[in-house]
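Below is one structure; the comments refer to it alone.
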Amino acid sequence: MSKLRLSAEIRQKYQAVIGLEVHVQLQVKSKIFATEAFTFGSEPNEHISVITLAHPGALPSINGACVQQALKMGLATHCHIPTATYFARKNYFYPDLPKGYQLSQAENPICQNGYLDVPMPDGGLHRIRIERIHLEEDAGKSIHDLDERDTLIDLNRAGAGLIELVTYPDLRSADEACAFMAEIRKLVRYLGVGDGNMEQGNLRCDANVSVMLKTATEYGTRVEVKNLNSINYLGKAINYEIERQIALIENGGEVRQSTRTWQVSTGTTQLMRDKETADDYRYFPEPDLQPLRISREQLAQLQEALPVLPAALYERYTQELGLSYLEAMALVEQASTARYFDALLEQKLEARVAYNWLMGPVKSYLNEHQLETEAFPVEPARLAALIRLVEGGKVSHNAARERLLPAMMLHAEAEPAHLARELNVLMESNTTAIAQAMEALMQEFPDEVARYRNGRKGLMGFFVGKIMKAFKGKANPKEVNQVVKSQLEAKN
Amino acid sequence: MKSYLTLDEIQSDLADGSISCIELVTHYLKCIREQQALHAFVEVFEEEALQKARETDQKLKQGSAGKLAGLVLGIKDVLCYEGHTVTASSRILQGFESLFTATAVQRLLAEDAIVIGRQSCDEFAMGSSNENSWYGPVRNPHHLNKVPGGSSGGSAAAVSAGLCHAALGSDTGGSVRQPASFCGIVGLKPTYGRVSRWGLIAYASSFDQVGPLARSVEDVARITQVMAGADGHDNTASPHPVDDYPSLLASATGQRYRIGYLREALESEGLDPEIRRFTQQYLQQLAAAGHEVKPVSFPLLEYVVPCYYVLTTAEASSNLSRFDGVRYGYRAPNVNDLETLYVKSRSLGFGEEVKKRIMLGTFVLSAGYYDAYYTQAMKVRRLIQQQTLELFKRCDFLLTPTTPTPAFDLGEKTSDPVAMFLADIFTVHANLAGIPAISLPLGSHSSQLPFGIQLMAPHFEEARLLAFSKQLMDVCLSK
């Protein structure tokens with residue numbers, strides 16, 4: 001990617017300072033200031049009312065569901081929620097912005113001054129402060145490449161509800177920024193605020209990047225980088241931008257306040273506009289909407305209804321259950337995975353055992369079928385019953401994984417133990433029978449016994465195999481091993 | 001057909017069969033045709049009005065007619081009416097047909113009012129003379145070389161000339177009251193938020209209010225009562241309960257009110273001497289009738305017009321951004337790129353006054369000027385609101401002339417925008433403060449032109465304002 005090459009020594013002199021602006025498309029049934037549906041996959045311009053089309057005389061009405069989503073996000077990030085919040089108009093002309101202004105918030109946004117504790121790869125939690133979260137509407141889509149001559153406009157998305165979350169410049173590296181973004185994506189999904197899909201643009205982010213000498217006391221001039229539609233690109237773009245800025249300064253240049261866009265094809269950022277040519281959006285209070293009152297009762301109810309959040313789960317998994325950073329992160333990545341895990345724990349399974357099953361057979365099944373954990377066809381209680389069969393030596397791990405688990409998916413009602421019997425995978429716990437079989441074998445193969453006793457310990461497998469075969473795999477391997485070993489080594 | 005002052009009279013004649021809705025509509029259609037020189041209407045819904053009249057006559061026979069049956073109404077060309085063209089008297093909306101009906105209109109239709117046509121106005125309700133209409137100027141029925149006032153000039157002229165019984169206008173800085181004054185009829189601007197703005201083409205959203213123009217206070221009361229009230233489509237429409245204005249009209253009888261008159265208004269330089277004298281005499285009569293009449297000071301008066309123009313143009317510059325030639329309305333021909341599409345469509349589609357106000361509004365909201373103009377004007381507006389509320393602690397009503405002069409000549413002020421703006425000096429106060437205000441046709445000038453007296457009341461005191469207005473009109477008419 002980057003053609004810039006800086007020596008580690010030079011790179012070491014500088015500190016990067018990063019802040020993010022994150023847009024989340026809200027998961028709600030209708031638009032934020034209009035009543036028509038907002039869904040994906042519709043025909044172009046299927047969901048457009050007179051409000052979305054900005055017909056003369058049409059006025060916005062606020063969708064309470066969007067307000068709730070913003071409040072959930074604010075509560076989850078420990079924000080101050082004012083008793084009244086205001087909307088503002090951001091004025092600019094573009095064909096996919098029908099009113100000629102975007103309804104947004106400027107002064108007194110709905111959520112203010114919060115923070116998010118982000119698990120970092122070193123295992124610690126970093127507190128990233130959040131300056132604000134505000135509500136706004138999305139624009140439509142301009143499609144430039146479908147028609148030879150004309151730009152086509154699809155206004156289905158125009159007026160869809162968004163929140164924009166702005167951090168303080170508290171992030172210090174691309175890795176930290178990526179960890180923060182991953183945490184936001186999780187949060188959005190846990191709360192049901194959005195689907196967190198970055199590729200589809202339902203979760204977007206812009207990064208403000210600056211560098212300063214480590215000895216400096218003031219931040220450098222920041223550059224805004226746009227068009228970051230994956231966490232991977234976010235990291236790459238920040239690293240590129242850090243190096244570009246350092247190289248510029250090292251070569252006697254000066255970073256100018258500007259907006260740049262990430263170019264996937266070249267792996268570089270490219271200048272979009274300078275501060276001098278920045279738009280003047282002429283924000284002013286939206287006169288068509290009254291200040292929005294937020295009652296403390298409503299807030300208390302929302303707070304009450306908040307689910308357990310990924311940071312709390314992460315904390316519990318690492319601190320109480322002793323799981324590693326990576327293991328805990330894998331579990332909390334999706335709320336449904338964590339919920340499933342917790343349900344297994346409720347079945348009195350040991351954390352490690354539950355983790356191995358969930359991240360082993362369950363995960364590979366889900367990956368293979370491209371499913372989310374919540375779509376896993378076996379209920380936690382039934383999976384726990386299966387795991388207990390394995391742990392109790394009733395079914396071998398292999399048989400449980402390869403035969404019993406698939407059968408359980410097909411027969412949702414059947415008891416695992418019952419199914420195991422039907423499948424003939426229940427292991428027989430019969431030390432006497434195994435001992436008798438072994439005695440018979442020892443008489444049949446005296447040479448092998450003698451060679452074993454002379455040090456060819458590997459011959460133990462020969463006897464184990466014979467017995468397993470005789471018991472058609474239903475003998476408990478642990479038990480077989482024990483019996484074979486004790487008889488071979490018995491001094492007679 | 002006899003000349004009806006009130007809807008009550010019409011309805012009592014409808015009840016005893018001495019007239020029918022179809023006769024009423026036919027009569028008004030004839031008058032409209034005869035008085036085309038006024039240019040009051042830009043479109044007449046002839047067939048539709050006749051059809052609705054037949055239906056209403058049928059309903060009257062069955063006893064199922066709504067409470068406004070017999071009301072033949074004109075609507076200002078800024079009110080949306082489903083399936084009908086609405087243009088804000090602008091080129092940029094030529095041919096635009098609305099897909100929905102304004103709440104104010106819808107509520108009147110639901111009570112069987114008949115909409116006979118749409119009426120010319122200043123383009124996007126910007127103006128005080130109706131000379132800014134794309135359809136050409138409207139003339140004052142009292143004197144054809146005079147303006148009817150604006151921006152609801154077509155509506156005021158039509159009601160005054162008997163082309164319809166009443167009309168709906170909109171009032172952002174006096175656009176109902178000032179033409180009512182110039183045309184000698186009654187015009188009410190309700191409290192901001194009293195009537196839904198859904199379907200009213202916005203000029204300045206925090207000022208605009210739909211208001212009726214009629215020949216009597218009774219009709220203004222009846223129309224307002226039907227239109228007013230909360231509306232799910234308009235977040236700024238107030239849930240404050242709507243009083244039964246018509247039945248409360250007698251409630252002022254025997255009441256002695258505290259009436260404050262704005263000293264600064266009566267002393268203002270541009271005030272026509274005859275209007276000043278009349279107002280002073282009128283105040284004396286009120287005192288003689290037992291009311292407590294007192295001068296009050298309102299030193300902010302000189303700031304109301306500048307404050308009004310900064311804030312309304314700021315809002316307008318944003319409100320009118322949607323007229324971009326992209327989705328509907330006028331689009332400049334032979335355009336190949338976006339920038340030219342915007343520039344040409346808007347340059348050719350909007351008239352001079354509208355463009356002037358868009359530019360002024362864009363300027364006052366621009367970085368570097370914002371605080372000096374917009375923020376400052378917002379502060380002044382708050383002061384005006386506070387001081388006005390203070391005045392209402394000592395007064396029940398504030399009284400001023402509606403306008404500093406009677407109707408002026410066509411073309412007289414078109415080249416002097418400041419003089420034109422000052423025509424609104426007494427009316428913008430109510431819009432800045434959000435209070436209700438009414439213009440009553442009490443005065444008559446030696447030039448044979450009428451002029452109005454304006455009464456202002458505290459927020460949501462329409463019932464008291466209308467009752468007192470009725471009393472004043474009764475005294476005036478009995479003379």
Side-chain angles (χ1 to χ4, degrees), chain A residues 33-35 45 48-64 86-103 106-107 140 142 144 149-155 158 275-276 278-293, chain B residues 78-80 86-88 90 93 96 98-102 124 193 196-202 204-208 231-238 311 314-315 317-329 336 338-339 341-342 346 361-368 370 374-375 378:
Chain A
F33 299 113
T35 52
N45 297 310
I48 47 169
S49 65
V50 290
I51 298 175
T52 299
L53 285 169
H55 272 205
L59 296 169
S61 314
I62 177 100
N63 177 353
Y86 303 89
F87 291 95
R89 292 185 184 178
K90 177 181 180 178
N91 294 283
Y92 66 94
F93 283 97
Y94 205 69
D96 58 23
L97 186 75
K99 291 189 295 297
Y101 54 84
Q102 178 193 27
L103 283 189
E107 309 273 303
S142 294
H144 301 288
R149 210 181 78 88
D150 295 328
T151 293
L152 304 180
I153 310 287
D154 177 6
L155 295 177
K275 194 196 174 195
E276 285 72 37
D279 290 320
D280 177 1
Y281 291 118
R282 308 189 308 282
Y283 280 97
F284 74 99
E286 159 61 315
D288 285 334
L289 292 169
Q290 302 265 38
L292 180 69
R293 310 262 162 217
Chain B
V78 288
L79 287 157
C80 296
V86 63
T87 72
S90 176
L93 274 174
F96 178 79
S98 185
L99 296 175
F100 65 102
T101 301
F124 284 100
S196 166
R197 294 182 295 112
W198 174 255
L200 168 66
I201 298 182
S205 311
S206 73
F207 293 77
D208 297 341
D231 178 14
H233 288 303
D234 178 5
N235 182 271
T236 64
S238 172
L311 295 179
E315 291 183 18
S317 71
S318 174
N319 282 334
L320 271 59
S321 295
R322 64 187 60 196
F323 306 108
D324 56 6
V326 173
R327 296 169 313 288
Y328 52 74
N336 286 313
L338 183 62
E339 172 106 11
L341 173 87
Y342 284 151
R346 288 168 65 83
T362 305
F363 172 75
V364 301
L365 286 175
S366 297
Y370 192 94
Y374 183 77
T375 308
M378 287 290 269

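The structure displayed is predicted, hence computed values, not measured ones. Lettering of chains follows the sequences in order, A, B, ..., and the numbering in each one begins at 1.
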B/Ser196 portion near chain A, given a 4.5 angstrom heavy-atom threshold: neither
statement: With chain A, the option among B/Ala88, B/Gly193, B/Ser318 that has the most non-hydrogen atom pairs under 4.5 Å is B/Ser318
B/Ala314 portion near chain A, given a 4.5 angstrom heavy-atom threshold: backbone
- prompt: Under the 3.5 angstrom rule, does the side chain of B/Tyr370 hit a backbone N or O of A/Tyr283 as a donor-acceptor pair?
  reply: yes
query: Taking all non-hydrogen atoms of both residues, which atom of B/Met378 and which atom of A/Pro285 are closest, and how far apart?
result: CE-CG, 4.2 Å
- prompt: By a 4.5 Å heavy-atom criterion (distance strictly below it), what part of B/Leu338 contacts chain A: side chain, backbone, both, or neither?
  reply: side chain
task: Count the heavy-atom pairs under 4.5 Å between each of A/Tyr101, A/Tyr92, A/Tyr281, A/Phe284 and chain B, then report the option with the highest count.
output: A/Phe284
- request: Check the surroundings of atom CG in A/Asp150: do more than 12 heavy atoms from other residues, nucleotides or ligands lie under 6.0 Å from it?
  value: yes
- prompt: Excluding sequence neighbours, so at least two apart, what forms side chain to side chain contact (heavy atoms under 4.5 Å, CB included) with B/Ser321?
  reply: A/Phe93
message: Taking every non-hydrogen pair under 4.5 Å, which of B/Leu93, B/Thr236, B/Leu341 racks up the most with chain A?
response: B/Thr236
- request: Evaluate side chain to side chain contact (heavy atoms under 4.5 Å, CB included) for A/Leu155 paired with B/Arg327, printing each intermediate quantity in order.
  value: CA-CA 11 Å; A/Leu155 295 177; B/Arg327 296 169 313 288; 4.1 Å; yes
- prompt: Roughly how far, to the nearest 0.5 Å, is CG of B/Asn336 from CZ of A/Arg149?
  reply: 6.0 Å
- prompt: Taking B/Phe207, B/Tyr342, B/Phe100 one by one, which has the highest count of heavy-atom pairs under 4.5 Å against chain A?
  reply: B/Tyr342
field: Under 4.5 Å from any heavy atom of chain A - which part of B/Ala367
entry: both
message: Once salt bridge (charged side-chain N to carboxylate O under 4.0 Å, His left out) is applied, what residue pairs with a partner in residues 90-102 of chain A remain, sequence neighbours excluded?
response: A/Lys99-A/Glu137
- prompt: Any idea which heavy atoms bring B/Ser205 and A/Arg89 closest together, and the distance?
  reply: OG-NH2, 3.7 Å
- prompt: Given that the side chain runs from C-beta out, which part of B/Leu320 has a heavy atom under 4.5 Å from chain A: side chain, backbone, both or neither?
  reply: neither
- request: Could you tell me which portion of A/Asp288 (side chain, backbone, both or neither) has an atom closer than 4.5 angstrom to a non-hydrogen atom of chain B?
  value: both
query: In Å and rounded to the nearest 0.5 Å, what is the CG to CG distance from A/Leu53 to B/Leu99?
result: 8.0 Å
Residue selection (most heavy-atom pairs with chain A, distance under 4.5 Å) from B/Val326, B/Asn319, B/Asp234: B/Asn319
field: Distance-minimising heavy-atom pair for B/Cys80 and A/Pro56
entry: SG-O, 3.4 Å
message: Tell me which of these, B/Gly232, B/Ser366, B/Ser206, has more heavy-atom pairs under 4.5 Å with chain A than the rest.
response: B/Ser366
- line: Heavy atoms of A/Pro98 and B/Asp324 approach each other most closely as O-OD2, 4.4 Å
- prompt: Contact part of B/Asp208 toward chain A, heavy-atom cut-off under 4.5 Å: side chain, backbone, both or neither?
  reply: neither
statement: Honestly, the part of B/Ile201 sitting under 4.5 Å from a heavy atom of chain A is both
message: Ignoring hydrogens, what is the shortest heavy-atom contact between B/Asn235 and A/Ile62? Give both atom names and the distance.
response: ND2-CG2, 4.2 Å
- request: Start with the C-alpha distance between B/His233 and A/Thr35, add both sets of side-chain angles, then the distance that settles side chain to side chain contact (heavy atoms under 4.5 Å, CB included), and finish with yes or no.
  value: CA-CA 10 Å; B/His233 288 303; A/Thr35 52; over 6 Å; no
- prompt: Is it the side chain or the backbone of B/Phe96 that comes within 4.5 Å of chain A heavy atoms, both, or neither?
  reply: side chain
query: What pair of heavy atoms forms the shortest contact from A/Val50 to B/Trp198, and how long is it?
result: CG2-CH2, 4.0 Å
